[in-house]
Amino acid sequence: MMPCIDHRPLQSDRPRRRRGSASKAGRAFLAAVCVVVGFGTLARAQPGGVLKDVAFDQHLDTQIPLTLPFKDGEGRDVQLSDYFGKRPVFLVMGYKNCPLLCSQVLGELTRSLRPLDASVGKDFDILSVSIDPKESPEQADAQRRIYLKRYNRPGSESGWNALVGSQESIQQLARAIGFKYEFSPRTGKYAHAAGFVLLTPAGRISRYFFGVEYPARELKYAIAQATESKIGSPINKLILYCYEYDPTTGKYTFAIMNTIRVFGVATALALGTFFVVMVRRDRRMARATRAATPEHPPGPATL
């Protein structure tokens, strides 16, 4: 009699579940979480000292003090009231020698305004106010002309103005709009948040814009609302802080660290989603494989 042969597949012949993609995704996800946590710790350690008092609070419907004295780009004595009463006004506070975000704020505002039918000097105005009391009218006007050239629309010169002033005037205006900034004696630079406000023709705060991206459609809607003296609602804010790279400590600017944290969280979420999708796919494939593989019961001995 011939020996009995078992027709059941050997264990080593059974299809195995593929864990490579899921495990790799899991490792990548954990690595991303570690990176985010690490950057978060670094960024939390950054805002001490000068940055601890920097913020951009929302003071919607607040009337700014229109009697504050300043100087325009030609050195003439003016008041804020000279720029209100006709149209909405974008008020941007910064300074010419800013090492990071001030140029990005004005540059992005200019870029986003170009596609609009509404024009500077006709439908709304732009007012840049320096937070540096040492900045000269000539410096402020030079910066204004850079962005007027980029805007490149005839007739906008009269509606785009740049002011400098005393520390007292600057601080009163900054407090009115919730713009909290600090000067670092060690570096000679200012720490401040990125963004600007839109004011009604009467000088009341209608809308805040934070960060360095301002969709054209949002600007268009905000201008229409401010023209009718309507006040917007508080918005969620992603604050970027303008500060400098510190070569003595080798730390990055806080603005960069905030950006890294945002993208780090987004990366971790994307990898987490990928990990879940891969695990579910592998489980479905394993179930389908088991269903397609017949289980052979022990049969009679084959002669």
Side-chain angles (χ1 to χ4, degrees), residues 39-40 42-43 46-47 50-51 54-60 88-116 118 120 124-132 135 140 143-152 160 162 174 177-182 184 187 189-199 205-223 226 232 234-246 251-267:
F39 279 138
L42 242 178
Q46 282 285 105
V50 173
L51 285 172
V54 174
F56 204 166
D57 300 327
Q58 298 183 65
H59 295 173
L60 290 168
V89 177
F90 286 101
L91 174 61
V92 185
M93 299 196 74
Y95 66 112
K96 186 178 186 302
N97 293 325
C98 176
L100 286 171
L101 296 179
C102 291
S103 59
Q104 294 184 40
V105 169
L106 286 170
E108 182 63 19
L109 174 60
T110 303
R111 189 190 69 82
S112 298
L113 288 174
R114 289 184 63 185
L116 302 185
V120 176
F124 60 92
D125 293 334
I126 297 177
L127 187 60
S128 298
V129 178
S130 175
I131 61 175
D132 184 359
E135 191 166 305
Q143 186 184 46
R144 177 186 76 100
R145 292 183 180 279
I146 290 174
Y147 297 101
L148 271 173
K149 185 176 181 180
R150 294 184 187 180
Y151 186 60
N152 193 27
W160 196 317
I177 69 172
F179 188 81
K180 299 178 181 178
Y181 63 96
E182 289 291 332
S184 172
T187 63
K189 304 295 183 182
Y190 289 86
H192 64 86
F196 54 86
V197 297
L198 176 60
L199 304 161
I205 300 174
S206 174
R207 173 72 186 268
Y208 282 81
F209 289 86
F210 297 115
V212 290
E213 291 188 4
Y214 325 109
R217 62 181 181 276
E218 291 188 18
L219 293 176
K220 179 180 179 180
Y221 175 76
I223 292 170
I235 62 174
N236 294 327
K237 55 184 179 180
L238 170 61
I239 290 293
L240 295 179
Y241 295 99
C242 186
Y243 203 41
E244 77 284 347
Y245 174 80
D246 188 348
K251 293 181 179 179
Y252 289 101
T253 170
F254 192 61
I256 295 176
M257 291 306 304
N258 270 1
T259 305
I260 290 174
R261 291 177 69 186
V262 171
F263 283 104
V265 170
T267 301

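Atom CG in Leu101 sits 6.5 Å away from atom NE2 in His192 (nearest 0.5 Å). Rounding to the nearest 0.5 Å gives a distance of 10.5 Å between OH of Tyr95 and OG of Ser103. Taking CG of Leu60 as the start and CD1 of Ile235 as the end, the distance is 8.5 Å to the nearest 0.5 Å. One distance of note links CD of Gln104 with CG of Leu109; it measures 13.5 Å at 0.5 Å rounding. The structure places CZ of Arg111 at 12.0 Å from CZ of Arg150, a figure rounded to the nearest 0.5 Å. Between the CD1 atom in Ile131 and the SG atom in Cys102 there is a gap of 6.0 Å [rounded to 0.5 Å].
The shortest side-chain heavy-atom distance between Phe124 and Leu113 falls under the 4.5 Å cut-off. The shortest distance between side-chain heavy atoms of Gln143 and Ser130 does not fall below 4.5 Å. Proximity of Phe209 to Leu219: side-chain heavy atoms (C-beta onward) are separated by under 4.5 Å at one or more points. Two residues are said to be in side-chain contact when any heavy atoms from C-beta on lie closer than 4.5 Å; Asp132 and Lys96 fail this criterion. Here the side chains of Glu218 and Ser112 are not in contact, with every heavy-atom distance at 4.5 Å or above.
In this structure, the side chain of Tyr151 does not engage the main chain of Trp160 through any donor-acceptor pair within 3.5 Å.
Of all heavy-atom pairs between Val212 and Ala194, the closest is CG1-CB, 4.3 Å. Across every non-hydrogen atom of Ala226 and Leu198, the tightest pair is CB-CD2, 3.8 Å. Heavy-atom minimum distance, Met93 versus Ala174: SD-CA, 3.9 Å. What you find for Arg144 and Ala162 is that their closest heavy atoms are CD-N, 3.9 Å.
With respect to Phe196, the side-chain contact (heavy atoms from CB on, under 4.5 Å) criterion is satisfied by exactly one of Phe56, Phe179, Tyr214: Tyr214. For the side-chain contact (heavy atoms from CB on, under 4.5 Å) criterion with Phe90, the lone passing option out of Ile223, Leu199, Asp125 is Ile223.
Using cut-offs of 30° and 60° on the angle between ring planes, the pair Tyr208 and Phe210 is parallel.
With sequence neighbours left out, the salt bridge (charged side-chain N to carboxylate O under 4.0 Å, His left out) criterion links Glu135 to no other residue.
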